[in-house]
Amino acid sequence: MVERLDRTFAALADPTRRAMLAQLGQGERSVGELAAPFAMSFAGAAKHLGVLERAGLVERRKAGRQQLCRLRAAPLAEADAWLRQWEGIWNASLDRLAELIKAETKA
Amino acid sequence: MTRPVILTVTRDIAAPPESVFDAWLDPAIARRFLFATPDGEMITCEIDARVGGRALIVERRASGDARHHLLFDEIDRPRRLAFRFRADPAKEGEWTRVTIDFAALDAGTRLTLTHEMDPAWAAYEEQTRKGWTMILANLATALEKDNG
């Protein structure tokens with residue numbers, strides 16, 4: 001789980017890849033469309049997409065002569081689950097701390 | 001780029017910053033709130049409260065023993081406490097980072113806890129910091145699309 005999350009975050013650690021994901025958040029895109037805003041070669045875009053693919057964040061499929069990419073949200077959902085879990089734990093701890101201090105102040 | 005924050009929790013507590021700060025490092029107090037659950041039994045709460053010191057907090061639960069490890073990086077009473085943190089089954093080296101800021105209010109303390117997830121934050125800190133800025137925005141969009 002931690003290793004997988006590490007791959008997710010490493011993939012997200014690059015601004016070009018984050019911008020690509022943001023584009024894919026709007027819907028399916030071809031590799032050429034993803035490369036366009038960055039004045040980047042097809043090969044350069046493909047390299048970034050490879051990192052995203054290995055992190056499980058992007059899926060590619062062939063459509064005629066084009067390759068179309070789509071976003072896969074599962075790894076992000078895992079990161080989100082991790083966040084929610086710890087948010088709950090810290091909130092519970094802080095609630096208890098606040099109560100504890102309140103009780104001691106009254107005593 | 002602003003400092004990326006992955007998880008932030010805030011509480012206003014009706015006590016001076018010194019008292020709120022000390023609660024985290026005094027085992028007698030910490031065992032009563034830190035990672036404590038209603039049905040659990042706190043079986044270990046050892047805190048070596050110095051920079052480089054460690055803490056081990058273990059609560060016995062129906063699901064098994066929940067072990068929490070801390071390694072203190074910054075102890076700046078009563079302003080700030082920072083430690084590396086991991087809970088089993090995360091292994092040694094797979095730390096996350098927790099920072100707690102204590103700000104004085106007119107009638108107490110505002111506690112702000114930030115938990116940054118980076119299993120290898122020491123090695124990849126800068127790289128990973130950059131990565132966090134967009135995650136939450138992306139996440140919301142992505143999840144909506146996936147579910148919708």
Side-chain angles (χ1 to χ4, degrees), chain A residues 1-28 51-52 55 57-58 70-106, chain B residues 1 6-15 19-20 23-24 29-30 32-38 66 68 85-87 89-91 94 96 98 100 108-109 111 113-115 117-121 124 126-147:
Chain A
M1 154 98 177
V2 172
E3 276 170 33
R4 202 155 57 238
L5 285 174
D6 204 18
R7 264 204 305 279
T8 304
F9 284 102
L12 290 167
D14 180 274
T16 305
R17 291 197 288 273
R18 289 199 299 275
M20 286 177 161
L21 288 177
Q23 265 187 285
L24 291 172
Q26 310 296 313
E28 219 170 26
V51 175
L52 292 171
L57 290 163
V58 165
R70 72 181 285 268
L71 185 66
R72 276 192 74 238
L76 293 173
E78 197 168 77
D80 188 53
W82 186 94
L83 275 180
R84 285 175 202 276
Q85 179 200 342
W86 282 103
E87 189 172 33
I89 291 167
W90 291 121
N91 270 316
S93 287
L94 295 184
D95 284 346
R96 281 181 164 247
L97 173 62
E99 277 170 31
L100 202 62
I101 286 177
K102 204 168 162 186
E104 300 219 332
T105 314
K106 278 186 186 162
Chain B
M1 192 171 285
I6 194 152
L7 169 58
T8 302
V9 181
T10 304
R11 275 296 182 295
D12 289 349
I13 296 175
S19 310
V20 182
W24 291 79
I29 302 175
R32 293 168 64 193
F33 80 93
L34 196 50
F35 313 120
T37 57
H68 306 83
F85 174 73
R86 66 187 165 90
K91 295 182 282 291
E94 294 182 341
T96 60
V98 176
I100 310 171
T109 304
L111 183 158
L113 183 148
T114 304
H115 191 170
M117 179 180 60
D118 179 0
W121 70 273
Y124 301 114
E126 190 52 35
Q127 192 187 18
T128 310
R129 273 169 193 280
K130 287 178 188 159
W132 287 339
T133 48
M134 243 180 72
I135 288 171
L136 292 181
N138 260 340
L139 194 58
T141 320
L143 292 175
E144 277 164 25
K145 299 224 177 245
D146 243 29
N147 296 332

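Below, chains carry the letters A, B, ... as their sequence lines are ordered, and counting in each starts from 1.
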Enquirer: Please flag which part of Leu97(A) lies under 4.5 Å from any non-hydrogen atom of chain B: side chain, backbone, both or neither.
Expert: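 Both parts, backbone and side chain.
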Enquirer: Sort out for me which of Thr10(B), Asp12(B), Ile13(B), Ile29(B) touches chain A most, counting heavy-atom pairs under 4.5 Å.
Expert: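 Looking at each of Thr10(B), Asp12(B), Ile13(B), Ile29(B) in turn, Ile13(B) comes out on top.
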Enquirer: Say you draw a straight line from CG of Leu24(A) to CG of Leu57(A); how long is it, rounded to the nearest 0.5 Å?
Expert: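 Nearest 0.5 Å value for the CG-CG distance: 10.0 Å.
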Enquirer: Please list, chain by chain and in numerical order, all residues satisfying ring-ring contact (aromatic ring centres under 6.0 Å, His included) with Phe35(B), sequence neighbours excluded.
Expert: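 Scan of Phe35(B) (ring-ring contact (aromatic ring centres under 6.0 Å, His included), adjacent residues dropped) gives Trp90(A), His68(B), Phe85(B).
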Enquirer: Can you tell which part of Thr37(B) gets under 4.5 Å to a heavy atom of chain A, answering side chain, backbone, both or neither?
Expert: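 Contact with chain A involves the backbone of Thr37(B) alone.
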Enquirer: What part of Val98(B) gets closer than 4.5 Å to chain A, counting heavy atoms only: side chain, backbone, both or neither?
Expert: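 Only the side chain of Val98(B) comes within 4.5 Å of chain A.
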Enquirer: Which atom names give the shortest non-hydrogen contact between Arg32(B) and Arg96(A), and what distance separates them?
Expert: O-NH1, 3.5 Å
Enquirer: Most heavy-atom pairs under 4.5 angstrom with chain A, which of Ala23(B), Ala15(B), Ala36(B)?
Expert: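 Looking at each of Ala23(B), Ala15(B), Ala36(B) in turn, Ala36(B) comes out on top.
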Enquirer: What's the spacing between Leu94(A) CG and Phe33(B) CZ if we round to 0.5 Å?
Expert: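 CZ of Phe33(B) is found 7.5 Å from CG of Leu94(A).
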Enquirer: Which bit of Leu34(B) comes within less than 4.5 Å of chain A, counting heavy atoms only: side chain, backbone, both or neither?
Expert: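 Leu34(B) touches chain A through backbone and side-chain heavy atoms alike.
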Enquirer: Return the CD1 to NE2 distance between Ile100(B) and His115(B), rounded to the nearest 0.5 Å.
Expert: 10.5 Å
